[in-house]
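One structure is given here, and the rest of the page talks about it.
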2 protein chains.
Amino acid sequence: MFNTTEMSLSKNKIKQIRSLNEKKHRSEYGTFVAEGKKLVLDLLGSCRCQLLAGLPDVLREIPPFSAEEIVEATPDELKKASHLKTAPQLVGVFYQPKQALEESELAGKLHLVLDGIQDPGNMGTIVRLSDWFGIQHIFCSHDTADIFNPKTVQATMGAIARVNVHYVDLNDLLTRNNSLPVFGTLLEGENIYKAELPENGFIVMGNEGKGISPDIQKLVTHKLFIPNYPANTQTSESLNVAVAAAIVCSEFRRRG
Amino acid sequence: MFNTTEMSLSKNKIKQIRSLNEKKHRSEYGTFVAEGKKLVLDLLGSCRCQLLAGLPDVLREIPPFSAEEIVEATPDELKKASHLKTAPQLVGVFYQPKQALEESELAGKLHLVLDGIQDPGNMGTIVRLSDWFGIQHIFCSHDTADIFNPKTVQATMGAIARVNVHYVDLNDLLTRNNSLPVFGTLLEGENIYKAELPENGFIVMGNEGKGISPDIQKLVTHKLFIPNYPANTQTSESLNVAVAAAIVCSEFRRRG
């Protein structure tokens, strides 16, 4: 039924899976790890799989030749390999997809730009909502959380297979593509509920604590603000960055 | 300058702070822990503080009599006491505020209802956005994440001091207050961008995996749906619950 089957997950393989918690190892091997039956099955449809390890019952549902190597594992072995609190029934090691992009494709569409997002959970949640709102390309500064961090992968809930995430010099990107409008949420921005929003451009979301960096702020052509309620009352100073990204994307799309 | 000052954080106190990671200890003592200078200072304005522990430099900025006990601590002691990866400069143990509510206050306002939210980060993010959108009361099923979980407290970014969170029997609550509309996001719901939304009612958000429970679904009077884009394409199956809550609250408030 399988191309290759070993009957247990060796200590060495467990160590290798766990090592993918660190970016240097992910970069070295060009792989990342995903956990849980639903997520792994979702990714099998679109990402090349190096290793699948799972409970025998679960592996029976996997089509043959789904992965270069398929290994039966005990709950205890899966627990040892897992980055999660609750041991998954299935773990997959996938090759990182290559993100190719012709910048000429960018015209006429909406894109997200992440300027120093730190939290892997926020990062994954933003990839998931981008997928929901039909945003196919996300451009990240080099100091943004790694898309292949296990916590990020889990938070994307599979959207990692459909959204292209590029790590680039944001200054270069926005300067080279300066025919497209650049939107950013800033305290002095225009009420987003009343602003005219086109169907193309870059939406910049900034770091959790510091917001959009000064260099990138200079390139923002349209400053937007999500009003609190009632207006001008003392509430929280800001919204979580994934929440703000969601509201902005929803505003762009509700008019489409 | 301080009412009480000890010169170091004893092992016993470190153990006591760390024990507040567990709900049974939080319930036993009636307290919760908050970490980081900004959050602790924010809470000092509104919650009674049992213990403040911080670096000497940071404590110098604290008004006298801010807490029943103020203790100078070394970075190492703070690291040991902390639930966070990066040791904070200031840790506070606060008494859990008592949440009183007259149900007659509920009329004419918008409220959130959380039906089994599991993730403390999602829970805290929802409290933060409720504060932003002027929602003062959140009603949670008994199986919803604890508002006083340290991860939740941190994710509220201080909004915990301004939003009232009640753990109740949701069935009872919604049945007793059946003059108010009950909104829920469900796949078969009406396009929220086109729906008429009043300024009062309950907005129900369901569990991360299972959504709104069947019993509570029966009490939803207005089913809403956040459309994906482009409509009817294959994207992610759902949005993160805090993201969905944000979009729904934003839709209610943008018309206010």
Side-chain angles (χ1 to χ4, degrees), chain A residues 36 38 42 45 110 119-122 124-136 151 155-163 191-194 199 208-209 226-256, chain B residues 36 38 42 45 110 119-122 124-136 151 155-163 191-194 199 208-209 226-256:
Chain A
K38 191 163 183 312
D42 205 4
L110 209 53
D119 182 76
N122 283 340
T125 302
I126 290 174
V127 173
R128 183 177 172 192
L129 72 90
S130 300
D131 188 32
W132 185 267
F133 286 117
I135 293 173
Q136 286 161 356
K151 284 183 194 161
T156 70
M157 297 286 280
I160 191 175
R162 289 177 294 273
V163 176
N191 181 337
I192 190 170
Y193 300 145
K194 295 177 178 169
E199 284 180 24
E208 286 89 344
I226 301 168
N228 60 354
Y229 184 96
N232 307 315
T233 49
Q234 202 184 350
T235 63
S236 289
E237 285 166 31
S238 62
L239 288 162
N240 164 280
V241 64
V243 154
I247 293 171
V248 173
C249 291
S250 176
E251 277 299 314
F252 272 84
R253 292 315 195 192
R254 80 193 300 288
R255 302 160 193 216
Chain B
K38 191 164 182 311
D42 206 3
L110 209 54
D119 182 76
N122 283 339
T125 301
I126 290 173
V127 173
R128 183 176 173 193
L129 74 89
S130 299
D131 187 31
W132 185 267
F133 286 117
I135 292 173
Q136 288 161 355
K151 285 184 192 158
T156 70
M157 297 285 280
I160 191 177
R162 289 178 294 272
V163 176
N191 181 336
I192 191 171
Y193 300 145
K194 296 178 178 167
E199 284 180 25
E208 286 88 345
I226 301 169
N228 61 353
Y229 184 97
N232 307 316
T233 50
Q234 202 183 351
T235 63
S236 288
E237 285 165 31
S238 61
L239 288 162
N240 164 280
V241 64
V243 154
I247 293 170
V248 173
C249 290
S250 176
E251 275 301 315
F252 272 83
R253 293 316 196 192
R254 80 193 299 289
R255 304 161 193 213

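Per chain, numbering begins at 1; letters A, B, ... match sequence-line order. Quick caveat: nothing in here was measured; it's all calculated off a predicted structure.
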List the atom pairs, with distances to 0.1 Å, where a side-chain N or O of residues 240-248 of chain A and a protein N or O form a donor-acceptor pair under 3.5 Å, not counting sequence neighbours.
unit_1	atom_1	unit_2	atom_2	d
A/N240	OD1	A/A242	N	2.8
A/N240	OD1	A/V243	N	3.1
A/N240	ND2	A/N122	OD1	3.1

(message) Can you confirm whether B/R254 sits close enough to A/R254 that some side-chain heavy atom of one is under 4.5 Å from a side-chain heavy atom of the other?
(response) yes
Using non-hydrogen atoms only, which part of [X] is less than 4.5 Å away from chain B: side chain, backbone, both, or neither?
{"X": "A/E251", "result": "side chain"}
{"X": "A/I135", "result": "neither"}
{"X": "A/S250", "result": "both"}

(message) I'd like to verify something: which residue of A/A231, A/S238, A/A155 has the highest number of heavy-atom pairs under 4.5 Å with chain B?
(response)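 Top count of heavy-atom pairs under 4.5 Å with chain B: A/S238.
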(message) Looking only at heavy atoms and a cut-off of under 4.5 Å, which of A/P227, A/P230, A/G158 has the most pairs with chain B?
(response) A/P227
(request) May I ask you to check whether A/S130 and A/R162 show a side-chain donor-acceptor distance below 3.5 Å? (result)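 Short answer, no.
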(request) Could you check which of B/F133, B/W132, B/Y193 has the highest count of heavy-atom pairs closer than 4.5 Å to chain A? (result)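 The residue among B/F133, B/W132, B/Y193 with the greatest pair count is B/W132.
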(request) Among the options B/R253, B/K38, B/R255, pick out the one with the most heavy-atom pairs lying under 4.5 Å from chain A. (result) B/R253
(request) Just do the side chain to side chain contact (heavy atoms under 4.5 Å, CB included) check on B/T125 and B/R128 with the steps written out, would you? (result) CA-CA 5 Å; B/T125 301; B/R128 183 176 173 193; 5.5 Å; no
(message) Check this for me: B/E208, atom CD, are more than 12 non-hydrogen atoms of other residues, nucleotides or ligands nearer than 6.0 Å?
(response) yes
(request) Kindly say whether B/V163 contributes a backbone atom to a donor-acceptor pair with the side chain of B/D131 at under 3.5 angstrom? (result)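 It does not hold such a pair.
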